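A short worksheet on the structure shown next.
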Amino acid sequence: MRFEVENRFSALEKIINRACDPKLDEEQAAYLCKLGSVLICGNLERCVEIVISSRLSKAPPQVTSFLKSFFKKGTNYDCEAICSLLNKFDSSWGKRFETALTDDVKSSISSCYAVRNSVAHGGGQSLGPRTLKQYFKASLELVAQLEKAVSP
């Protein structure tokens, strides 16, 4: 699990760094920053699936089948949604996760989803390179706390 999550973040970081390249013209940077917000959210959603599925890998096949179909739906996994999901499996997971997150992480993730949803639905919301890096770091912290929360 850890290897797959690290690879996902490594690939995403390359795109984030490219979007933050000061040599880019403003228009290119703006497009890459918008793309970056979409990719951060998509990566976060996939990492939630990886972490939870890995933790429950020894569950009966029915649970594995349920998880595969559940995660196909796609969800905006802000901190509240992740906490709610964790509580469905084990309330201690939800509590550990919720108490570990800072307000900055929660705010950054919510804001990233706001930009992502605006971009995805034709809105004009945008962000700059500094904010994009902040969102990336927040998503990295969130996944690290998620892994800790579901650890035995």
Side-chain angles (χ1 to χ4, degrees), residues 1-22 24 27-57 63-90 93-94 96-151:
M1 163 190 61
R2 189 72 194 141
F3 179 73
E4 188 174 357
V5 168
E6 286 176 2
N7 280 346
R8 294 186 67 77
F9 273 100
S10 179
L12 178 57
E13 187 173 29
K14 289 177 185 173
I15 294 167
I16 301 302
N17 288 338
R18 177 73 177 121
C20 297
D21 185 342
L24 287 177
E27 187 177 6
Q28 288 177 324
Y31 284 128
L32 283 175
C33 285
K34 287 179 181 182
L35 174 63
S37 72
V38 172
L39 295 175
I40 287 168
C41 294
N43 184 60
L44 182 58
E45 292 161 14
R46 182 70 179 116
C47 286
V48 168
E49 177 183 356
I50 292 166
V51 170
I52 292 175
S53 296
S54 294
R55 177 62 174 94
L56 300 173
S57 64
V63 173
T64 303
S65 178
F66 168 77
L67 287 174
K68 285 180 183 178
S69 67
F70 177 82
F71 284 115
K72 276 186 182 178
K73 288 187 282 182
T75 299
N76 287 349
Y77 280 116
D78 62 10
C79 299
E80 186 177 319
I82 295 170
C83 191
S84 176
L85 177 63
L86 293 176
N87 280 321
K88 290 177 183 177
F89 289 103
D90 185 331
W93 291 1
R96 284 195 300 251
F97 179 73
E98 187 172 27
T99 58
L101 294 179
T102 65
D103 288 339
D104 286 343
V105 168
K106 293 176 188 177
S107 171
S108 291
I109 297 301
S110 292
S111 296
C112 190
Y113 268 107
V115 173
R116 186 284 272 291
N117 290 336
S118 173
V119 169
H121 298 287
Q125 194 167 354
S126 63
L127 68 160
R130 183 177 302 142
T131 303
L132 182 65
K133 278 191 172 187
Q134 175 188 337
Y135 294 169
F136 173 76
K137 288 177 184 176
S139 71
L140 188 60
E141 176 65 22
L142 184 148
V143 172
Q145 293 305 329
L146 175 62
E147 288 177 322
K148 287 180 187 177
V150 303
S151 295

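Only a predicted model underlies this, so the values are computations on that prediction, with no experimental measurement involved.
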Donor-acceptor contact below 3.5 Å, side chain S10 vs main chain E6: no

Please check: side-chain N/O of S111 versus main-chain N/O of S107, any donor-acceptor pairing under 3.5 Å? yes

Is there a side-chain contact (heavy atoms from CB on, under 4.5 Å) between V150 and R96? Walk through the geometry before answering. CA-CA 8 Å; V150 303; R96 284 195 300 251; 5.8 Å; no

Which heavy atom of [X] sits nearest to which heavy atom of [Y], and what is that distance?
X	Y	answer
V119	Q125	CG2-O, 4.0 Å
F97	C79	CE2-O, 3.7 Å
S126	K34	CB-CE, 3.7 Å
G124	S118	N-OG, 3.6 Å
F70	Y77	CE2-OH, 3.3 Å
A81	N76	CB-O, 3.6 Å

Nearest 0.5 Å, what's the [atom1]-[atom2] distance between [X] and [Y]?
X	Y	atom1	atom2	answer
S139	L146	OG	CG	12.0 Å
Q134	I109	CD	CD1	9.5 Å
I50	E147	CD1	CD	9.5 Å
W93	C83	CH2	SG	13.0 Å
C41	N117	SG	CG	7.0 Å
I82	L44	CD1	CG	5.0 Å

Flag the pair [X] / [Y] as yes when at least one side-chain heavy-atom distance between them is below 4.5 Å, and no otherwise.
X	Y	result
L32	D21	no
Y31	L35	no
V143	R8	no
L56	F66	no
L140	E13	no
E141	T102	no
K133	I16	yes
Y135	L127	yes

Can you list the residues that meet the side-chain hydrogen bond (donor to acceptor under 3.5 Å, both in side chains) rule with N87, with sequence neighbours excluded? none

Using a 6.0 Å cut-off, check whether atom [atom1] of [X] has over 12 heavy atoms from anything other than its own residue.
X	atom1	result
E80	CD	no
E98	CD	no
K106	NZ	yes

Run the side-chain contact (heavy atoms from CB on, under 4.5 Å) check on I40 and L132 step by step: do they pass? CA-CA 9 Å; I40 287 168; L132 182 65; 3.7 Å; yes

